[in-house]
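Here the structure is laid out as structure tokens; the discussion comes afterwards.
The basis for the numbers below is simple: all heavy atoms, side chains too, and nothing from hydrogens, waters or symmetry mates. In this text, all values refer to a predicted model and were calculated from it rather than measured experimentally.
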Amino acid sequence: MQLGLPPVYFCGQACFKKNYNQHKTIHTIAKQMSATGITSTRKTPPDGITCPLDASLEMKTSLPSWAHNYSFTGQLRPALLSPKRTVTNKNVKLPDYASHPAGVSDSEQRDRASNNSIRVYGPEELEG
């Protein structure tokens with residue numbers, strides 16, 4: 001049964017087992033909502049995370065809904081995301097995650113699997 005839930009990724013089997021009860025609860029709630037006819041098809045703002053391209057400056061610089069009750073320790077604050085935009089210039093090389101349905105970078109996944117440390121790129125690698 002398709003529940004319309006976003007895909008969920010776990011870092012491994014142990015992580016999945018640790019979070020299985022919560023994962024199962026979410027599926028149970030979604031199934032109950034589906035069975036009773038309660039559906040949510042809204043895929044556009046306001047979801048508390050994104051804002052439309054033509055939103056006011058006040059909205060664009062406001063905190064996401066998840067951050068309203070968060071106690072920040074420094075000056076840095078999150079902002080709302082703008083919707084995904086398409087790149088029309090054929091000369092711009094897209095990153096590998098641009099074509100992945102979930103936005104996952106295959107090169108980063110390969111790098112993570114073969115290295116246990118954070119990779120630091122040099123000037124030559126950064127320039128392409």
Query raised in the report: Is any side-chain heavy atom of Phe72 less than 4.5 Å from a side-chain heavy atom of Pro78?
Result: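 Yes, side chains in contact.
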Requested in this report: Kindly indicate whether the side chain of Ser62, heavy atoms from C-beta on, has any atom under 4.5 Å from the side chain of Leu80.
Outcome: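 With C-beta onward as the side chain, the pair touches.
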Query - Interatomic distance, His100 atom NE2 to Gln109 atom CD [nearest 0.5 angstrom] - result: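 Taking NE2 in His100 and CD in Gln109, the distance rounds to 8.0 Å.
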Query raised in the report: What distance separates Thr86 OG1 from Leu94 CG, expressed to the nearest 0.5 Å?
Result: 10.0 Å
[atom1]/[X]: more than 12 non-hydrogen atoms of other groups inside 6.0 Å:
X: Phe16; atom1: CZ; value: yes
X: Lys18; atom1: NZ; value: no
X: Tyr70; atom1: OH; value: no

Requested in this report: Start with the C-alpha gap between Val104 and Tyr97, add the side-chain angles, then the distance that decides, and say whether side-chain contact (heavy atoms from CB on, under 4.5 Å) holds.
Outcome: CA-CA 5 Å; Val104 176; Tyr97 56 83; 5.8 Å; no
Query raised in the report: Judged by atom type as modelled, is there a donor-acceptor pair below 3.5 Å linking the side chain of Glu125 to the main-chain atoms of Gly122?
Result: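 Yes; at least one donor-acceptor contact below 3.5 Å.
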Requested in this report: Taking all non-hydrogen atoms of both residues into account, name the closest pair between Leu63 and His68 and its distance.
Outcome: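 In terms of heavy atoms, the two residues are closest at O-NE2, 3.5 Å.
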Requested in this report: Search all heavy atoms of Ala79 against all heavy atoms of Lys60 and return the closest pair with its distance.
Outcome: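 Minimum heavy-atom separation between Ala79 and Lys60: CB-O, 4.0 Å.
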Query raised in the report: Residues two or more places apart in sequence or in another chain: which of them pass side-chain hydrogen bond (donor to acceptor under 3.5 Å, both in side chains) with Ser107?
Result: Asp96, Ser105
